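Following: one structure in structure tokens, then a few remarks.
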Amino acid sequence: MIQESEFFDAHMSRIEADPALFERAEAKLSGAATAEPLIAESLRAPQDIRYHAEGPFVRDHLRLILMSLYAIAEGKLRLLDIEELARLKEYAGEIETLEELLREHVSWFEAFALVHDSAKWNTLVFKSPEGSRGAELGFNAPLSYEPDVDLQTRAELRERYLELYRGFEAQHPNESAREVQSLFYLTYEIDVKYPHHDRILHTPVYSQLLERFARAHELTDIHTAMLEDVVTQHLAFKRFNEMRTSDMSPFFHLARVRGYDLDAFMAFLKGALFLDFVCGSKRLSDHGYWHEVEMLANALRAEHEVDPARRAQREHLREQSEQRRRLRVFQQVGLDGLSLMELLGMEPGPEFGRTLREVQGAIVGERPMPVFGKKVNEEISRRAGEYYQKVFEKGE
């Protein structure tokens, strides 16, 4: 049965409401916070609703990233079931490869989720427009956009913000967390920023944090190096609000300078973009809440424009790999050439070659099944059922 595609926001609504995914993600966050004080601090960092309407704190952002990752790993979210991605038929192979990468490298993406915003708490600053309630309370920016200025005052402001928010939350006990976040911003107009939090990840304390998470998640040296580069480049993902070839070129250059396998590095980069900016970041507009899935589409298009020949070669290799996988399963269930020759009582030659292509093409949905007779067609149907069971078990 062909699964009908559905818009991404509908998929994400189901993911957010899934208690098993919530518990799995919360357990991961709680364990990381217990082991690492820097992570515990980062989870408390407030979020600006204009960019992160998924919840008032970084914990909400990381939880949604992890829930989305686990939904993919558990088969609860298939990327080509997303209407916006299903429309990108020319990129179906890349999208399938991306989903496979996310399933196979859950540990890498867990480490990315936990580390990529770990410096937000210590770089947190506030800015409020003149005359707003936030400005009256001191949440404005004479000290704000330089991370090393007046650390004590900035630390006090962080705690004051949390106290103010918790008090406001207590005054609205019947509102959802999302509504409280929105009302709080409308009431106080406090903008939240984290200047240079990506650069600070190069400092020893955060570099050592990344190394510890890499070891805990049993990453190879090359995957650890890729993790550090993707984490420190993740703010550049904002470029893909639009599709410009020039926005992808620096990532190609970085991969070549580092000596990475280009396909592997770009795949991890796109996976991180998808989880961070598409799944984990909910936007708020006059029309409600939404996820910016077009960012992944723009990244795919930009990657193609940088090097069209590379994409054609990857597609050719992917088709060859798919053909080999199909042949293996056909052999396992008796739908290969030798097995069908025996079943149909045919001899090798052009006629059998045409029949073999017709039967196997029908199995994969490319043409109607030939009619041979009741017993033979029933046996082919039985073997086809085994074929579908095996490929579905493998997630194909």
Side-chain angles (χ1 to χ4, degrees), residues 1-33 42-87 95 98-99 102-103 106 109-110 112-114 116-117 165-166 168-170 172-185 271-297 392 395:
M1 181 181 295
I2 298 174
Q3 175 71 38
E4 292 187 5
S5 60
E6 191 173 26
F7 285 106
F8 188 58
D9 289 337
H11 287 283
M12 291 305 300
S13 293
R14 277 196 298 278
I15 288 172
E16 288 185 87
D18 189 315
L21 294 176
F22 182 94
E23 290 174 8
R24 183 176 176 184
E26 269 297 309
K28 190 68 179 178
L29 292 174
S30 297
S42 72
L43 298 181
R44 303 169 65 207
Q47 300 199 123
D48 193 317
I49 194 171
R50 295 170 299 168
Y51 313 109
H52 287 286
E54 65 275 5
F57 300 102
V58 167
R59 187 181 196 111
D60 299 294
H61 174 54
L62 303 193
R63 184 195 306 116
L64 192 52
I65 288 176
L66 291 172
M67 290 173 70
S68 303
L69 172 63
Y70 297 150
I72 294 168
E74 296 174 16
K76 294 180 177 179
L77 176 63
R78 302 295 298 271
L79 298 193
L80 287 177
D81 290 343
I82 299 167
E83 174 62 25
E84 295 93 331
L85 298 182
R87 293 173 179 175
I95 293 168
L98 176 60
E99 180 180 320
L102 289 162
R103 286 200 308 265
V106 170
F109 288 103
E110 284 179 331
F112 169 81
L114 294 166
H116 81 290
D117 281 344
Y165 192 91
R166 295 306 185 193
F168 187 87
E169 189 176 44
H172 298 79
N174 298 321
E175 306 288 352
S176 67
R178 181 179 298 170
E179 290 166 333
V180 172
Q181 184 187 16
S182 178
L183 289 170
F184 182 84
Y185 183 78
L273 181 153
F274 179 67
L275 291 174
D276 186 12
F277 277 77
V278 179
C279 297
S281 301
K282 185 173 289 190
R283 313 293 177 164
L284 176 62
S285 69
D286 294 338
H287 304 290
Y289 297 90
W290 55 284
H291 291 265
E292 202 166 7
V293 69
E294 189 66 14
M295 291 184 73
L296 177 61
F392 290 148

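Keep in mind the model is a prediction, meaning the values are calculated, not measured.
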Point to revise | Donor + acceptor pair across side chains of Q47, Q181 (<3.5 Å) | key: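 Side-chain D/A pair, Q47 to Q181: absent.
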Taking all non-hydrogen atoms of both residues, which atom of [X] and which atom of [Y] are closest, and how far apart?
{"X": "L275", "Y": "S68", "answer": "CD2-CB, 4.2 Å"}
{"X": "L64", "Y": "C279", "answer": "CD2-O, 3.3 Å"}
{"X": "F109", "Y": "A272", "answer": "CE2-N, 3.5 Å"}
{"X": "F274", "Y": "L296", "answer": "CD1-CD2, 3.6 Å"}
{"X": "L114", "Y": "A32", "answer": "CD2-CB, 3.9 Å"}
{"X": "V58", "Y": "S42", "answer": "CB-O, 3.2 Å"}

Under the rule for side-chain contact (heavy atoms from CB on, under 4.5 Å), what residues qualify as partners of [X], not counting sequence neighbours?
{"X": "A33", "result": "A40, L43"}
{"X": "A86", "result": "S5"}
{"X": "A71", "result": "I15, L21, K76, L77"}

Check whether any side-chain N or O of [X] sits under 3.5 Å from a backbone N or O of [Y] as a donor-acceptor pair, and report yes or no.
{"X": "H172", "Y": "F184", "result": "no"}
{"X": "E99", "Y": "L79", "result": "yes"}
{"X": "E175", "Y": "V180", "result": "no"}

If you measure from [atom1] on [X] to [atom2] on [Y], what distance do you get to the nearest 0.5 Å?
{"X": "S281", "Y": "D60", "atom1": "OG", "atom2": "CG", "result": "11.5 Å"}
{"X": "E23", "Y": "S30", "atom1": "CD", "atom2": "OG", "result": "11.5 Å"}
{"X": "Y289", "Y": "S182", "atom1": "OH", "atom2": "OG", "result": "5.0 Å"}
{"X": "E110", "Y": "L29", "atom1": "CD", "atom2": "CG", "result": "10.0 Å"}
{"X": "R103", "Y": "L98", "atom1": "CZ", "atom2": "CG", "result": "10.5 Å"}

Residues that [X] engages under salt bridge (Lys or Arg N to Asp or Glu O under 4.0 Å), provided they are two or more places apart:
{"X": "E26", "value": "R59, R63"}
{"X": "D276", "value": "none"}
{"X": "R283", "value": "E292"}
{"X": "E16", "value": "R178, K282"}

Point to revise | Worked verdict on K28 versus L62 for side chain to side chain contact (heavy atoms under 4.5 Å, CB included) | key: CA-CA 10 Å; K28 190 68 179 178; L62 303 193; over 6 Å; no
Practice item. Could I get the full list of ring-ring contact (aromatic ring centres under 6.0 Å, His included) partners for H291, not counting sequence neighbours? Key: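 Partners of H291 by the ring-ring contact (aromatic ring centres under 6.0 Å, His included) criterion, ordered by chain and then number, come out as F8.
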Practice item. Please name all residues satisfying ring-ring contact (aromatic ring centres under 6.0 Å, His included) with F57, sequence neighbours left out, ordered by chain then number. Key: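 If we apply the ring-ring contact (aromatic ring centres under 6.0 Å, His included) test to F57, skipping adjacent residues, the hits are Y165.
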Exercise for review: Side-chain contact test, heavy atoms from C-beta onward, threshold under 4.5 Å: evaluate it for V293 versus F7 and give yes or no.
Suggested key: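 Result no, sub-4.5 Å side-chain heavy-atom pair not found.
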Review point. Does R87 have any side-chain hydrogen bond (donor to acceptor under 3.5 Å, both in side chains) partners at least two apart in sequence or in another chain, and if so, which?
Key: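 side-chain hydrogen bond (donor to acceptor under 3.5 Å, both in side chains) list for R87, sorted by chain: E83.
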Review point. Run the side chain to side chain contact (heavy atoms under 4.5 Å, CB included) check on R14 and E6 step by step: do they pass?
Key: CA-CA 12 Å; R14 277 196 298 278; E6 191 173 26; 2.6 Å; yes
Check your understanding: ring-ring contact (aromatic ring centres under 6.0 Å, His included): which pairs involve residues 58-79, sequence neighbours left out?
Key ->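 Only H52-H61, H61-H116 qualify under ring-ring contact (aromatic ring centres under 6.0 Å, His included).
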